[in-house]
Visitor: 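Okay, here's the structure, questions in a sec.
The figures that follow rest on heavy atoms only: side chains count, while hydrogens, waters and symmetry mates do not. We number each residue from 1, following the sequence as shown.
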Amino acid sequence: MELLVREKHEDEVEQEVTQRDQFNTDEVTLVATIVREPHQNSLDAGQPGSGQPVRTKFSFHEAKDSDAQYFSELFSSLRPHLAASDLDLDDLDFRRPRILVIEDFGTTGLSGKFDNSTDMSPFNDFWRRIGTSHKGGASGGRWGLGKLVFSSASRIRTFFGLTIRQEDSARTPLLMGQSVLKTHVVDGIKYAPHIFFGQSGSKKLQLPDTDHLTVERFRSAFGISRTDEPGLSIAIPFALGDITPQSL
């Protein structure tokens with residue numbers, strides 16, 4: 001996976017991600033929100049006509065010593081952007097993240113075209129849009145703002161998503177990651193808040209990684225249980241300390 005960043009041009013209006021506070025209030029804590037938001041969207045993504053229930057799984061994964069080099073290399077290019085976004089990194093060991101994994105099964109996965117940003121689909125709504133989605137009716141979750149809870153739950157404002165889509169007969173896993181920071185400057189260059197892990201496509205469109213070895217290495221290091229079942233697996237490295245099995 002490559003780190004994909006975007007420079008901010010002089011003629012662009014700076015717009016920060018300011019909606020995080022709504023996920024951690026006196027009425028609803030971040031811990032409660034990270035249970036509520038994924039379940040709403042998982043229920044909306046149940047496989048039509050299958051008759052099978054939607055299942056979800058929350059788990060914690062402690063990085064193994066054998067994966068220390070993998071994690072160090074994965075986050076090395078991101079670290080200057082984290083520091084420039086004023087995140088406290090002093091006590092973080094980037095070789096050994098504590099990972100919260102949220103997975104759903106019996107769902108359609110993130111359907112739609114992933115190589116076309118104009119497609120009005122769950123894949124694009126999840127990865128490439130904020131504050132808008134194309135669900136309707138009685139849908140409980142809309143991936144409009146709710147997905148912000150994933151980056152908010154990470155000390156480095158980062159999460160990864162591995163999806164297998166019901167519509168794909170080949171069951172090809174699609175792997176991407178995203179960091180939601182703030183407009184920041186590294187080595188004199190101003191960068192946009194959203195940073196991706198993936199592959200760069202036509203017109204610099206962020207594309208998921210489909211390489212078998214890359215996906216399998218990620219799956220093992222992050223403690224993903226999904227194999228070939230349709231659905232979505234979210235991995236949140238450096239989960240906040242108050243997110244525990246007991247608090248969930």
Visitor: Hydrogens and angles aside, do S233 and R226 bring a side-chain donor and acceptor to less than 3.5 Å of each other?
Guide: yes

Visitor: So, taking the atom named OG in S59 and the one named CD1 in I224, what distance separates them when rounded to the nearest 0.5 Å?
Guide: 7.5 Å

Visitor: Taking all non-hydrogen atoms of both residues into account, name the closest pair between M176 and P208 and its distance.
Guide: CG-CA, 3.2 Å

Visitor: Is the ring pair F150/F126 parallel, tilted or perpendicular, if the boundaries are 30 and 60 degrees?
Guide: tilted

Visitor: What about F222 and F71, are their ring centers closer than 6.0 Å?
Guide: yes

Visitor: Could you measure the distance from the CG atom of L110 to the CG atom of L162? Nearest 0.5 Å is fine.
Guide: 10.0 Å

Visitor: Partners of F105 by ring pair (Phe, Tyr, Trp, His ring centres under 6.0 Å), sequence neighbours excluded?
Guide: none

Visitor: In terms of side-chain heavy atoms, does E229 have a donor or acceptor partner in T227 at a distance below 3.5 Å?
Guide: yes

Visitor: Taking side chain to side chain donor-acceptor pair (under 3.5 Å) as the cut-off, I'd like each qualifying pair that reaches into residues 177-192, sequence neighbours left out, listed once.
Guide: E14-K190, E16-T183, H81-H184, D86-K182, T158-S179

Visitor: Which pair of heavy atoms, one from F58 and one from V35, lies closest together, and at what distance?
Guide: CZ-CA, 4.1 Å

Visitor: Tell me if a side-chain donor or acceptor on N124 pairs with a main-chain N or O of F114 at a distance below 3.5 Å.
Guide: no

Visitor: Looking at side-chain heavy atoms only, is the closest gap between V31 and T244 below 4.5 Å?
Guide: no

Visitor: Give me the atom names and distance for the closest heavy-atom approach of I156 to L82.
Guide: O-CD2, 3.4 Å

Visitor: Under a 4.5 Å cut-off applied to non-hydrogen side-chain atoms, are I195 and L181 in contact?
Guide: yes

Visitor: Return yes if some donor-acceptor pair links the side-chain N/O of S72 with the main-chain N/O of Q69 below 3.5 Å, else return no.
Guide: no

Visitor: Out of curiosity, L30 CG to D242 CG, how far, rounded to the nearest 0.5 Å?
Guide: 7.0 Å

Visitor: After noting the C-alpha distance and the side-chain angles of R128 and D119, does the key distance pass the salt bridge (Lys or Arg N to Asp or Glu O under 4.0 Å) rule?
Guide: CA-CA 10 Å; R128 301 181 179 128; D119 186 43; over 6 Å; no

Visitor: With a 4.0 Å cut-off on N to O distance, would you call D211 and R217 a salt bridge?
Guide: no

Visitor: So that I can tick it off, tell me whether D125 and K147 are bridged by a salt bridge, with the cut-off set at under 4.0 angstrom between side-chain N and carboxylate O.
Guide: no

Visitor: Between R129 (side chain only) and S117 (backbone N and O only), is there a donor and an acceptor less than 3.5 Å apart?
Guide: yes

Visitor: Can a cation-pi geometry be assigned to R98 and F238, taking NZ or CZ under 6.0 Å from the six-membered ring centre and within 45° of the ring axis?
Guide: no

Visitor: Closer than 3.5 angstrom, by distance alone: can the side chain of D104 be matched with the main-chain N or O of S42 as a donor-acceptor pair?
Guide: no

Visitor: If Ile, Leu, Val, Met, Phe, Trp and Tyr residues are connected whenever their side-chain heavy atoms lie under 4.5 Å apart, and connections chain through other members, are L175 and L207 in the same group?
Guide: no

Visitor: Considering all heavy atoms of both residues, which atom of P38 and which atom of I102 are nearest to each other, and what is their separation?
Guide: CB-CG2, 4.0 Å

Visitor: Can we say R95 and D93 salt-bridge, meaning some charged N sits less than 4.0 Å from an Asp/Glu carboxylate O?
Guide: yes

Visitor: Answer yes or no: is there a side-chain heavy-atom contact under 4.5 Å between L100 and L248?
Guide: yes

Visitor: Where the side chain of S154 meets the backbone of A239, is there a donor-acceptor pair that is under 3.5 Å apart?
Guide: no

Visitor: Taking S85 for the side chain and L87 for the main chain, is one N or O donor matched with an acceptor at less than 3.5 Å?
Guide: no

Visitor: Is a side-chain donor or acceptor of N41 paired with a backbone partner of E37 at a separation under 3.5 angstrom?
Guide: yes

Visitor: Is V101 close to F160 at the side-chain level, that is, under 4.5 Å between some pair of heavy atoms?
Guide: no

Visitor: Mind checking whether L4 and F197 have side chains closer than 4.5 Å, heavy atoms only?
Guide: no

Visitor: According to side-chain contact (heavy atoms from CB on, under 4.5 Å), who are the partners of P230, at least two apart in sequence or on a separate chain?
Guide: Q47, Q166, R171

Visitor: Report, as yes or no, whether the 6.0 Å neighbourhood of atom NZ on K64 holds more than 12 heavy atoms from other residues, nucleotides or ligands.
Guide: yes

Visitor: Of the non-hydrogen atoms in P237 and A235, which two are nearest, and what is the gap between them?
Guide: CD-O, 3.5 Å

Visitor: Answer yes or no: is there a donor N or O on one side and an acceptor on the other, between the side chain of K8 and the main chain of V13, under 3.5 Å?
Guide: yes

Visitor: Roughly how far, to the nearest 0.5 Å, is OG of S151 from NE2 of H194?
Guide: 7.5 Å

Visitor: Rounded to the nearest 0.5 Å, how far apart are CZ of R79 and CG of L92?
Guide: 8.5 Å

Visitor: Should the ring pair F123 and W127 be called parallel, tilted or perpendicular, given that the plane angle runs from 0 to 90° and is split at 30 and 60?
Guide: tilted

Visitor: With a 4.5 Å cut-off on side-chain heavy atoms, are F94 and L89 touching?
Guide: yes

Visitor: Hey, does the side chain of T33 reach the backbone of T29 with a donor-acceptor pair shorter than 3.5 angstrom?
Guide: yes

Visitor: How far does CG of D228 sit from OG1 of T172, to the nearest 0.5 angstrom?
Guide: 11.0 Å

Visitor: Please examine the side chains of E103 and I234, heavy atoms only from C-beta on, and report whether any two atoms are closer than 4.5 Å.
Guide: no

Visitor: Is the closest side-chain donor-acceptor distance between T108 and E167 under 3.5 Å?
Guide: no

Visitor: Between D88 and R155, what is the shortest heavy-atom contact and its length?
Guide: O-NH2, 3.4 Å

